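A short write-up of the structure that comes next.
Only this structure's heavy atoms are used, side chains among them; waters, hydrogens and symmetry mates stay out. Remember, predicted model here, so these are calculated numbers, not experimental data.
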Amino acid sequence: MTGLHVNSYGAGRPLVALHGIGGHGARWRRLAERHLDGFRVLAPDLRGHGRSPHDAPWNVDTHVADLLAALPEERFDLVGHSYGGMIAVHLARTAPDRVRRLVLLDPGIGLDPAHARRSAGRYLRDVSFTDPAEARADRASAPPEAVDAEVADHLERGADGRWRWRYERAAVVTAFSEMARPAATPPREVPTLLVVAARAGVVRPGYVAACRAAVKDFAVAELDADHMLYLDRPKETATLIRDWLTP
């Protein structure tokens, strides 16, 4: 392992931002540069994603070890989206002294096993494109500016001449299996904000209740958004993050 590729945006107090499956750290750029001034946002590509090494294993424990080796020794705030939210919880449980405050954006934790199996199955096939325009059409449901950034940052041409997004399919399939594990809650001593995307249906009410019981300083907020809330509703998401991290 040669280390993770870590994107860095802005200056100030360190804020680590973890992306979800099939994603990459540069997805945080717009949020960081436009709405999170005063923070130095460190956004790694997780193992199996983006420009980080793609070698196995891809389980949560390995992701946590990768991150602790790649991130600064100083304490940092931590934000995780989807699978990145699950990794953030386990990172905080492993090294609570490193994490100052935690924000979970629609975390993929304790998924229904049948749902996880069906979702993983969609990533078993090789998805490729004849050119970047065809890849752009694959992301047509996202905001146009986000699509532009995705094509620029996350698309690469393979040896066969086809274009693919920069992630390891096996890593994504493994991630769905990990998200079906019994749900872990953040450590009691790390103040945690849980943000639920109201239109996504990912976060179960039972998980909210478990976090409320387990964490001393816990809050929950809801956004009228789909699962990719920090891309779809960046200003509102950033406001929640800033308010929680600067009490």
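- Under the 3.5 Å distance criterion, the side-chain polar atoms of Arg100 are matched with a main-chain donor or acceptor of Leu245.
- Annotation for Tyr9 and Ala26: closest pair OH-CA, 3.3 Å, computed over non-hydrogen atoms.
- Residues Arg93 and Pro96 have side chains not in contact (no heavy-atom distance under 4.5 Å, counting atoms from C-beta outward).
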Residues Arg13, Asp77; criterion salt bridge (charged side-chain N to carboxylate O under 4.0 Å, His left out); working and verdict: CA-CA 8 Å; Arg13 197 168 77 228; Asp77 294 311; 2.9 Å; yes

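- At a threshold of 4.5 Å between non-hydrogen side-chain atoms, the residues Phe39 and Thr246 count as touching.
- Remark: side-chain polar atoms of Thr192 are not paired, donor with acceptor, to backbone N or O of Phe218 under 3.5 angstrom.
- Side chain of Trp244 to backbone of Leu102: a donor-acceptor contact under 3.5 angstrom is found.
- Both Ile109 and Val99 are members of a single hydrophobic cluster when ILVMFWY side chains are connected at heavy-atom separations under 4.5 Å.
- Remark: the backbone N or O of Ala171 is not paired with any side-chain donor or acceptor of Tyr123 at under 3.5 angstrom.
- Between the side chain of Asp45 and the backbone N or O of Arg51, at least one donor-acceptor pair lies under 3.5 Å.
- Ring centroids of His24 and His19 are separated by 6.0 Å or more, keeping the two rings apart.
- Closest heavy-atom contact between Pro72 and Arg98: O-NH2, 2.7 Å.
- With respect to Val196, the side-chain contact (heavy atoms from CB on, under 4.5 Å) criterion is satisfied by exactly one of Leu223, Val203, Leu229: Val203.
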Verdict with reasoning, Phe176 to His115, per side chain to side chain contact (heavy atoms under 4.5 Å, CB included): CA-CA 9 Å; Phe176 276 108; His115 170 75; 5.5 Å; no

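- Residue Glu145 is tested with Arg30, Arg29, Arg139 for a salt bridge (charged side-chain N to carboxylate O under 4.0 Å, His left out); the sole match is Arg30.
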Please lay out, stage by stage, how Val172 and His49 fare under the test side chain to side chain contact (heavy atoms under 4.5 Å, CB included). CA-CA 9 Å; Val172 172; His49 293 75; 4.1 Å; yes

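- Taking CG from Leu4 and OG from Ser52, the interatomic distance works out to 4.5 Å, rounded to the nearest 0.5 Å.
- Taking the side chain as every heavy atom from C-beta outward, Tyr207 and Thr185 approach each other to under 4.5 Å.
- At a threshold of 4.5 Å between side-chain heavy atoms, the hydrophobic network of Ile, Leu, Val, Met, Phe, Trp and Tyr places Leu193 and Val41 in one connected group.
- Grouping the Ile, Leu, Val, Met, Phe, Trp and Tyr side chains by contacts below 4.5 angstrom, directly or via other members, places Val190 apart from Val195.
- In this structure the side chain of Phe129 reaches within 4.5 angstrom of the side chain of Trp165, judged on heavy atoms.
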Report the C-alpha separation of His227 and Asp106 in whole Å, then their side-chain angles, then the decisive distance to 0.1 Å, and conclude whether the side chain to side chain donor-acceptor pair (under 3.5 Å) test is met. CA-CA 7 Å; His227 185 53; Asp106 217 38; 2.6 Å; yes

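- The side-chain tip of Arg47 does not point at the ring of Trp58 from less than 6.0 angstrom away and within 45° of straight on.
- A salt bridge links Arg40 with Glu74: the closest approach of a Lys/Arg side-chain nitrogen to an acidic carboxylate oxygen falls below 4.0 angstrom.
- Residues Leu104 and Val208 share a single hydrophobic cluster, defined by chaining ILVMFWY side chains whose heavy atoms lie under 4.5 Å apart.
- Separating the CG atom in Leu231 from the OG1 atom in Thr237 is a distance of 8.5 Å, to the nearest 0.5 Å.
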One pair to check against salt bridge (charged side-chain N to carboxylate O under 4.0 Å, His left out): Arg136 and Asp148. What are the steps and the verdict? CA-CA 8 Å; Arg136 182 183 299 274; Asp148 292 341; 2.5 Å; yes

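- Side-chain atoms of Met86 and Pro107, non-hydrogen and from C-beta on, never get closer than 4.5 Å to each other.
- Closest approach of Asp232 and Pro143 over heavy atoms only: OD1-CD, 3.8 Å.
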Steps toward side chain to side chain contact (heavy atoms under 4.5 Å, CB included) verdict (Val79, Leu105): CA-CA 7 Å; Val79 176; Leu105 300 178; 3.8 Å; yes

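- For Asp226 (side chain) and Met228 (main-chain N/O), no donor-acceptor pair under 3.5 Å exists by modelled atom type.
- With Asn7 contributing its side chain and Pro44 its backbone, the two residues share no donor-acceptor pair below 3.5 Å.
- A distance of 6.0 Å separates CD in Glu134 from CZ in Arg162, rounded to the nearest 0.5 Å.
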Val202 vs Leu111, test: side chain to side chain contact (heavy atoms under 4.5 Å, CB included). Steps then yes/no. CA-CA 8 Å; Val202 172; Leu111 295 187; 4.2 Å; yes

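- Across every non-hydrogen atom of Ala43 and Gly25, the tightest pair is CB-O, 3.3 Å.
- In summary, Asp224 and Arg199 engage in a salt bridge, as defined by a charged side-chain N under 4.0 Å from a carboxylate O.
- For Glu178 (side chain) and Val60 (main-chain N/O), a donor-acceptor pair under 3.5 Å exists by modelled atom type.
- Rounding to the nearest 0.5 angstrom, the gap separating the CD1 atom in Ile87 from the OG1 atom in Thr62 is 10.0 Å.
- His63 places no side-chain N or O within donor-acceptor distance of the main-chain N or O of His90, the cut-off being under 3.5 Å.
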Worked check of salt bridge (charged side-chain N to carboxylate O under 4.0 Å, His left out) between Arg166 and Glu150: CA-CA 10 Å; Arg166 295 177 189 267; Glu150 195 78 352; over 6 Å; no

Might you work through the salt bridge (charged side-chain N to carboxylate O under 4.0 Å, His left out) test for Arg242 and Asp37, ending with a clear yes or no? CA-CA 9 Å; Arg242 291 186 68 91; Asp37 55 295; 3.6 Å; yes

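- Looking only at distances, a side-chain donor or acceptor of Arg169 sits under 3.5 Å from a matching main-chain atom of Leu124.
- When every heavy atom of Ala92 is checked against every heavy atom of Pro187, the shortest pair comes out as O-CG, 3.5 Å.
- Side-chain contact between Arg212 and Val220: present, with at least one pair of heavy atoms (C-beta onward) separated by less than 4.5 Å.
- Note: Arg233 CZ to Leu31 CG = 13.0 Å, rounded to the nearest 0.5 Å.
- Tyr167 is connected to Leu155 through a chain of hydrophobic side-chain contacts under 4.5 Å among Ile, Leu, Val, Met, Phe, Trp and Tyr, so both are in one cluster.
- Counting heavy atoms from C-beta outward, Trp163 and Pro132 have side chains that approach closer than 4.5 Å.
- The shortest heavy-atom contact between Gly3 and Pro53 is O-CD, 3.2 Å.
- The distance from the CG atom of Asp61 to the CG atom of Leu91 is 11.0 Å, given to the nearest 0.5 Å.
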